[in-house]
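Just follow the structure's listing: the first ligand is 1, and inside any ligand the first atom is 1. Keep in mind it's a predicted model, so treat the numbers as computed, not measured.
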Amino acid sequence: TDTSHIRNFSIIAHIDHGKSTISDRILELTHTVEERDLESQMLDSMDIERERGITIKSNAVRVTYTADDGQDYDFNLIDTPGHVDFTYEVSRSLAACEGAVLVVDATQGVEAQTVSNANLAMNADLDIVPAINKIDLPSAHPEEVKREIEEELAIPAEDSVLVSGKTGEGIHDLLEAIVYLVSPPSGDADAPLKALILDSYFDEYRGIIATVRVFDGQIRPGARLRMMALGDTFLCDGVGVKRPLETPVDVLGVGEVGYVVTGLKEPGLVKTGDTITEDERPCAEACPGYHEAKPMVFTGLFPIDNKQYENLRDALEKLHVNDPSLTWEPETSVALGFGFRVGFLGLLHMEVVKERLEREFSLDLIATSPSVNYHVYCTDGTMLQITSPQDLPDVTRIDHIEEPYLKAKVIVPPDFMGAVMQLVVDHRGETKDMVYLSERSVEMHFDIPLAELILDFFDQLKSRTKGYASLDYEFSDYRTSDLVRLDILLAGEEVDALSFIVHRDKAYDMARGLCDKLKEIIPQQLFEVPIQGAIGNKIISRSTVRARRKDVLAKCYGGDISRKRKLLEKQKEGKKRMKSIGRVEVPQEAFLAVLKVD
Ligand code: GDP
Ligand code: MG
């Protein structure tokens, strides 16, 4: 089979540089979607993506482009997320491609994730097409950005295309550049099937649907196929491509990207990164697969209604098909009952998963404050890995504790260097070095505890640099720190779900801040609720929620029954997100208050 008319590429960039908008223009220009049907950010198909205006999942679509040479080319285009939490999604997508369109915002230039995504693409040996976007804006400085691409990324910029995702200018040139600069796929059409699973999702009716890239051979409906790593076999129920709606095809041939309906109904039977082959005639070697994404942030997820515990387990299993980086294990809390300790790649990932569980599986959940994975060295010579403050052993048993550190990188205009250095110090970090990338930007490197970064580092970085700084990081190592557990007592009762681990030097400020914050968040009850912060038996801060004076209904003076009912309904709605802890009604926000302490 001839693959010379196929081009597989990912669109990569720092967040907000315009990947999804450019994808929209490509769908439009290739008449994949007619103008009247085009919604913006077409490939961001999840509600959360649309609402937040961010891409969370990579999305592969097929478009057919009639090039200036008169030939039709099949493009398999993968729009990818830009946020650092989802880097693993990007690397998964790149493994399916020969090329990458690297989008750089002409008003912002090279930013932290531009660098990391460009590195991923270079390490995967992809043909890179730089696209300088937003040239319609008056503040665009494309020539300078070209220089940054050459100097900072070591990518020849003479091939870069100037585009505007907004006006469509230059998109035609971009498509031509893709035809000429991205290599067509190669592979053996007659060899046994070898297809890499890039992604998959659970469909209640059809079972698991897998997105694949065929490296050798072909897939036809009716074929008996096998998952190489997991070993299960299945009859292929159908294959197709997304345009962007699912469009069945007769065959997925060598070099193509498309979906396979596996018919498998058990969530655990399909694994991203696994290779699909023929059952009768398996290929000799599987695709290299993926590094497992390691969770960095952990939180307890508890159903508000304890009857939903099994549903939550079921939902986690199904969501895992689509999000293989999720990990979980059962967790019990005195305050919140039965739930799971769930591992995430970062805070945004945590928010997204919680929201998807609630929306896609109709669950009402409480999330507790995020924690990292601590290594606790005990006096008896053992080492415990804990991800929940509740699991911290008694201080008398602890020799020392190690916490995860990151190597972080910030790219920022020189004017803000001082502000960033101060912020790093405030968060127990240490600036290592800095490099001038150009007159406009400095790249700063520093080491910082992950626990500090997940609190409010990013928001503060943005506000202290007027939005100019961009951040990227990776795990570095474990280091010893003087850590203690801060407990919170409500009405004299310790609430396990509100505890967290903090550096001793920050414990007092944190305890004070938290007591103040909780006082704002916890609604008035019919009685006074003292809030206390404690380390061990020592109370180190306190505040009080005063008692509510009157019953709300007292305001209605009997008469208006419908108004009374409305008030009661309103109260009930408010309660939905509340959890009774002892006699105190506590809203969800309280459990994440630690993220909001200034
Ligand atoms: P992504 O995060 O890389 O997918 O970026 P999006 O495609 O979501 O775009 C981020 C923001 O930039 C959105 O508000 C877009 O409307 C805007 N945007 C994208 N491309 C252009 C462009 O060429 N010109 C202008 N003026 N705005 C653009
Ligand atoms: Mg996007």
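- Within ligand 1, counting atoms from 1 as listed, the ones closer than 4.0 Å to a heavy atom of T21 are 6 (P), 7 (O), 9 (O), 15 (C), 19 (C), 20 (N).
- Inclusion of S20 in the first shell of the Mg ion (ligand 2) is supported: an N, O or S atom falls under 2.8 Å.
- One option in L137, D136, T167, D16 has a heavy atom closer to atom 2 (O) of ligand 1 than any other, and that option is D16.
- Every residue two or more places apart in sequence or in another chain was checked for a salt bridge (Lys or Arg N to Asp or Glu O under 4.0 Å) with E176, and none qualifies.
- Crowding of M122 atom CE: a count of heavy atoms from other residues, nucleotides or ligands under 6.0 Å exceeding 12.
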Verdict with reasoning, E148 to R440, per salt bridge (Lys or Arg N to Asp or Glu O under 4.0 Å): CA-CA 10 Å; E148 289 179 12; R440 302 193 311 122; 2.5 Å; yes
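- Heavy-atom contacts of G165 reach the following atoms of ligand 1: 22 (C), 23 (O) (cutoff under 4.0 Å).
- Which parts of ligand 1 touch K166 is read off a 4.0 Å heavy-atom cut-off, strictly below it: atoms 21 (C), 22 (C), 23 (O), 24 (N), 25 (C), 26 (N).
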Test side chain to side chain donor-acceptor pair (under 3.5 Å) applied to N59 and D79, step by step: CA-CA 5 Å; N59 234 318; D79 183 21; over 6 Å; no
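- In this structure a side-chain-to-backbone donor-acceptor pair under 3.5 Å is present from T247 to L245.
- The backbone and the side chain of S20 each have at least one atom closer than 4.0 Å to an atom of ligand 1 (non-hydrogen atoms only).
- Considering backbone and side-chain N/O of I135, none are found under 3.5 Å from N/O of ligand 1.
- Under a cutoff of 6.0 Å and an axis angle of 45°, R92 and Y88 do not form a cation-pi pair.
- Only backbone heavy atoms of H17 (N, CA, C or O) come within less than 4.0 Å of ligand 1; its side chain stays farther off.
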